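As the structure is a computational prediction, the values presented were derived from the model and not from experiment.
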Number of protein chains: 2
Amino acid sequence: MMTEKFLTIREMCDVFDVTARTLRFYESKELLFPVRQGQKRLFTKRDRARLKLILRAKRFGFSLEQVRQLLDLYHIDDQQQTQIRKTYEVACERLADMQRQRDELDAAISDLQEQMNWAEKIMQADENPKQAAE
Amino acid sequence: MMTEKFLTIREMCDVFDVTARTLRFYESKELLFPVRQGQKRLFTKRDRARLKLILRAKRFGFSLEQVRQLLDLYHIDDQQQTQIRKTYEVACERLADMQRQRDELDAAISDLQEQMNWAEKIMQADENPKQAAE
DNA sequence: ACGAAAGTTGACGTTCACGTAAGTTGAACG
DNA sequence: CGTTCAACTTACGTGAACGTCAACTTTCGT
């Protein structure tokens with residue numbers, strides 16, 4: 001048994017901490033492609049990988065539409081190879097976005113840390129009030 | 001003249017590439033506090049700094065409400081010092097969020113770059129088709 | 001002094017990303 | 001066989017973050 005080839009919608013919800021509605025919504029937006037057994041959805045390993053990336057990218061502030069474009073890169077093998085180059089270019093832009101974002105994030109982290117150091121000093125002073133005045 | 005102490009709403013729009021509606025909306029949500037000259041808004045240096053941070057944080061996927069909390073750290077001097085500690089704790093969480101996010105972002109960037117290397121190889125092969133078959 | 005330009009306040013509309021409720025279907029269990 | 005339960009579809013509702021339009025007032029140039 002290789003990690004149970006398929007997951008039900010409920011199992012997906014538990015694993016990824018999302019609602020069933022969300023998974024159906026993502027399917028409707030062509031972000032996920034669960035196979036059907038009767039009318040029930042079964043999520044493949046590929047769906048799990050995609051969902052992981054979706055949730056991650058969301059935390060970076062990407063829209064679902066942007067994520068969909070990004071995801072295209074991860075399943076080129078399914079597609080016509082004629083699309084590779086176009087997809088590659090999209091990926092280049094996304095990558096640049098992400099690198100810019102990381103740089104900004106680094107800056108923001110530094111900023112915040114500085115502010116917090118300053119706040120620490122203030123709080124320190126607040127704990128020993130008027131130490132010099134006596 | 002020290003960088004023109006105040007900016008009109010239109011100047012703000014041009015500088016930060018946002019709409020007037022957005023600025024008024026941010027004010028209504030207490031993210032910005034432009035002073036009034038008559039009924040016109042004048043944006044201070046502090047508003048400009050705040051807006052910069054707002055737009056930056058938005059790109060990280062923070063909600064405006066989260067941003068508002070974050071911004072509180074940046075104007076503690078205006079507030080009661082009793083609030084410092086609370087604000088400091090909020091900031092700690094945000095900082096942790098941001099660091100986690102950066103780690104994930106790094107991972108995502110690596111992933112994407114790997115995929116792109118793979119795509120490059122495919123494209124390379126596509127340029128010289130069946131080189132080995134002849 | 002007057003008309004255009006810029007700014008203001010409502011108030012309603014829109015898009016995204018789901019939430020939620022109502023009714024249906026299919027497998028499963030006592 | 002009835003019912004219970006999970007999953008399904010359809011459809012309307014919701015909060016966040018603005019867009020857009022209407023109807024003022026204020027200011028500025030000629």
## Note on the structure
Residues A/Leu64 and A/Phe25: closest non-hydrogen pair is CD1-CE2, 3.5 Å
### Task
Summarise how protein sits on nucleotides 6-20 of chain C as a single string, 5' to 3': B when a protein heavy atom is under 4.0 Å from the base, S for sugar-phosphate-only contact, - for no contact.
-SBB-------BBBB
### Query
So, are B/Arg100 and B/Asp103 salt-bridged, with charged N and O less than 4.0 Å apart?
no
### Query
Should the pair A/Glu11-A/Lys40 be classified as a salt bridge under the 4.0 Å nitrogen-to-oxygen rule?
no
### Pairs meeting criterion salt bridge (charged side-chain N to carboxylate O under 4.0 Å, His left out) with involvement of residues 12-24 of chain A, two or more places apart
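Applying salt bridge (charged side-chain N to carboxylate O under 4.0 Å, His left out) to every pair that reaches into residues 12-24 of chain A, excluding sequence neighbours, yields nothing.
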### Query
Quick one: CG on B/Asp47 to CZ on B/Phe16, what's the gap to the nearest 0.5 Å?
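One finds 9.5 Å between CG of B/Asp47 and CZ of B/Phe16.
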### Message
Output the rounded distance in Å from CG (B/Leu32) to P (D/dC18).
### Response
11 Å
